Amino acid sequence: MLHVGGARTAVFNWLLARKHGGVFVLRIEDTDRERSTDAARDAILNSLTWLGLDWDEGPFYQSERVQRHAEAALELLEGGHAYRCFCTAGELAAERAAAQAARRSYVYSGRCRALPPETAAARAAAGEPFTIRFKVPPGRTEWDDAVHGRTGFDNEQIGDFIVLRSDGGPIYNLAAAVDDLDMGITHVIRGDDHISNTPRQILIYRALGAEPPRFAHVPLLFGPDKQKLSKRHGAQSVEEFREMGYLPQALVNFLALLGWSPGDDREVMNLRELVEAFSLERITGKSAIFETAKLEWLNGQHLARLSPAELALAVTPWIVGAGLAGEAELAEREAWFRELLEVLRPRARLLPDFVTLGRPYFRIPIEYRDDAVARFWSDPVAARGLLGDLREALASLPDLDDKAAVEARVREVAGARNVDFSTVVHPLRVALTGMRVSPGIFDVLRAMGKDLALSRIDDAIAFLERRSAARAGAT
RNA sequence: GGUCCCAUCGUCUAGUGGCCUAGGACGCUGGCCUCUCACGCCGGAAACGAGGGUUCGAGUCCCUCUGGGACCA
């Protein structure tokens, strides 16, 4: 699964590559065999594709390159940048305990570093297990981080670290550096949590005779409680946002704005505009809280910017999925469907809103909501009478397409009954939609069509009659 | 515990020494539009963590503290 945090770093990487005509390389760092199932990898690929973040090379899987990583460790060994370490787990634990007792941070003592190479080779040949450790030189390792500026660590703080396990498996830092090198990576944008790995990777790069890439460490995302984003905070994967009915461009837009801004007041931007405005230097070093309120608003903004065709394409699966209509039916009534979408559009923020809002316009039963009934049909007898008049007025029209003509009729009904316009509109709205909110009533009538509208009024009248009968019986 | 990173409205952010009586957006809120809701438009409340410096002048530079976080243990 692709976490929103991971998606955000993907967005930054993609934006940078597209901005400068670079190559976006997709590499899956799946060294954690347990969690890296085929399904998990596919989910990541699918999410990236859905977001519109296409890659130029890959996907490469780190787990398939262990052979190469082991070779690099050997190269380090031969070049004198690494050595075999025969320390046992017990010895290492003792060192660690001593450091802890002295309230020092633990770094390997470098004991095996002093072993003459011939001795080490002989012991290895004799079958004694060993790890390969990087020989960290004295000094300090620094780099110009694109978001944090000059950043660095004292090398003695790092200590000779393992690059290859005794079972021949590579340590992450070795794998990452070697892969970056082999894949010609020039820019690495990743989470802040990798900062302390960076000096080790830089050291490996240099030992391998290469200059490290440019690093940009973006701060992590947190939940509203300022805790690391987790299940508790609700949706956290791209897939979940897709299922909730967010548009990919809205999610990308939102993610891009978390820790980056174009420098002016623009906020609603599509992929093209984001690429045009992007720059690594404008990423902030401050961690951001992932709150969805603004994302919802952004989704509405992107919904508003979709062409009619794009909107129909995005909404159709939801309408079909909810069983309001079949795909064939929507295709057949395309002009009508698009017109319906237009009146619903400003009222929708998420894709499923079209299902809720759009239900009354399809020939399926609707429910009358309690709040609507209580508010506008409180007197069932009066409401029934009004609806009877309205039915008659509407039935006299050839169709309900001419909003002005329909309005004139409805106003006549209000005039005849000597009541306000709104007094007739609200009960009518409940009859047609079951709800107390909807698009303008004449848009509703036009979108619904004469037949369905009259049948909805008939249903309402029947409902109201049952209601009055029940009420009479109760008294 | 060690090292490193961070610190402007509730949230996302603009701000790179004077343009800041701190700007925008979401959210909240008052109003307009109006057949309801939404959209849209107009208005409001709301922030530079604290203390020291440097400077004619600091949100902006330096130091300390405080707070948050990451990694390692």
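Each chain gets a letter, A, B and so on, in the order the sequences are listed, and its residues count up from 1. Not measured: the values here are computed from a predicted model.
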**Q** If you check every side-chain atom of Val437(A), which of C35(B), C37(B), A38(B) has the closest atom?
**A** C37(B)
**Q** Rounding to a whole Å, what distance do you find between Met435(A):CE and A38(B):P?
**A** 14 Å
**Q** Kindly indicate whether the side chain of Arg436(A) and the base of C37(B) share any N or O donor-acceptor pair separated by less than 3.5 Å?
**A** no
**Q** Considering only the P atoms, how many Å lie between C20(B) and C37(B), rounded to the nearest integer?
**A** 39 Å
**Q** If a protein heavy atom is under 4.0 Å from the base, mark B; if only from the sugar-phosphate, S; if neither, -; do that for nucleotides 3-17 of chain B going 5' to 3'.
**A** SSSSSS--SBSSS--
**Q** Please state the C1' separation for the pair G24(B) and C6(B) - nearest whole angstrom.
**A** 23 Å
**Q** Could you check how far CE of Met269(A) sits from P of C26(B), rounded to whole Å?
**A** 14 Å
**Q** Determine the contact category for Leu220(A): base if any of its heavy atoms lies under 4.0 Å from a base atom, sugar-phosphate if only primed atoms, P, OP1 or OP2 are that close, otherwise nothing.
**A** sugar-phosphate
**Q** Sort out the partner of A25(B) for me: Watson-Crick or G-U wobble, both distances under 3.5 Å, none otherwise.
**A** U11(B)
**Q** In whole Å, I'd like the distance from the OH atom of Tyr108(A) to the P atom of A73(B).
**A** 16 Å
**Q** So, using side chain to side chain contact (heavy atoms under 4.5 Å, CB included) as the criterion, who are the partners of Ala309(A) when residues are at least two apart?
**A** Ser307(A), Arg338(A)
**Q** Taking atom P in both C19(B) and C42(B), what distance in whole Å separates the two?
**A** 26 Å
**Q** Expressed as a whole number of Å, how far does the P atom of G69(B) sit from that of U11(B)?
**A** 14 Å
**Q** Over all strands shown, is Arg345(A) touching base, sugar-phosphate only, or nothing at heavy-atom distances under 4.0 angstrom?
**A** nothing
**Q** Considering only atom C1', compute the distance from C12(B) to A47(B) and round it to an integer number of Å.
**A** 13 Å
**Q** A cation-pi test, strictly: NZ or CZ of Arg190(A) under 6.0 Å from the centre of the six-membered ring of Phe215(A) and no more than 45 degrees from its axis. Yes or no?
**A** no
**Q** For Pro352(A), give me all partners under side chain to side chain contact (heavy atoms under 4.5 Å, CB included), at least two apart in sequence or on another chain.
**A** Trp318(A), Leu350(A)
**Q** Distance between the C1' atoms of A14(B) and G59(B), in whole angstroms?
**A** 12 Å
**Q** Could you tell me which non-hydrogen atom of Leu432(A) sits nearest to which non-hydrogen atom of Ala453(A), and how far apart they are?
**A** CD2-O, 3.8 Å
**Q** Would you mind reading off the distance between Asp443(A) atom CG and C39(B) atom C1', rounded to a whole angstrom?
**A** 13 Å
**Q** Trp297(A) has an atom CH2; how far is it from atom P of G24(B), in whole Å?
**A** 14 Å
**Q** Could you tell me which nucleotide pairs with G40(B) by Watson-Crick or G-U wobble geometry, both distances under 3.5 Å, or answer none if nothing does?
**A** C32(B)
**Q** For C4(B), which nucleotide is its Watson-Crick or G-U wobble mate, given both distances must be under 3.5 Å?
**A** G69(B)
**Q** Salt bridge check, Glu276(A) against Lys19(A): does any charged N sit closer than 4.0 Å to a carboxylate O?
**A** no
**Q** Rounded to whole Å, please give me the gap between CZ in Arg200(A) and P in C71(B).
**A** 13 Å
**Q** Can you say whether a donor on the side chain of Arg347(A) sits under 3.5 Å from an acceptor on the base of C39(B), or the other way round?
**A** no
**Q** OP1 or OP2 of A38(B) less than 4.0 angstrom from a side-chain nitrogen or oxygen of Gln301(A), does that happen here?
**A** no
**Q** Which is more 5' along RNA chain B, the nucleotide nearest Arg349(A) or the one nearest His194(A)? Just name the residue.
**A** Arg349(A)
**Q** What integer distance in Å separates Arg96(A):CZ from G2(B):P?
**A** 18 Å
**Q** In whole Å, I'd like the distance from the CG atom of Asn299(A) to the P atom of C26(B).
**A** 15 Å
**Q** Do Arg429(A)'s NZ or CZ and the ring of Phe376(A) fall within the cation-pi criteria of under 6.0 Å and 45°?
**A** no
**Q** Taking atom P in both C26(B) and G40(B), compute the distance separating them and give it to the nearest angstrom.
**A** 8 Å
**Q** Between the side chains of Gln62(A) and Tyr172(A), does any donor sit under 3.5 Å from an acceptor?
**A** no
**Q** I'd like to know if Arg347(A) pairs up with Asp353(A) as an ion pair, taking the criterion as any Lys NZ or Arg NE/NH1/NH2 lying under 4.0 Å from an Asp or Glu carboxylate oxygen.
**A** no
**Q** Considering only atom P, compute the distance from U8(B) to U3(B) and round it to an integer number of Å.
**A** 25 Å
**Q** Which residue is it: Phe241(A), Trp260(A), Phe290(A)? I am looking for the one with a ring pair (Phe, Tyr, Trp, His ring centres under 6.0 Å) to Phe254(A).
**A** Phe290(A)
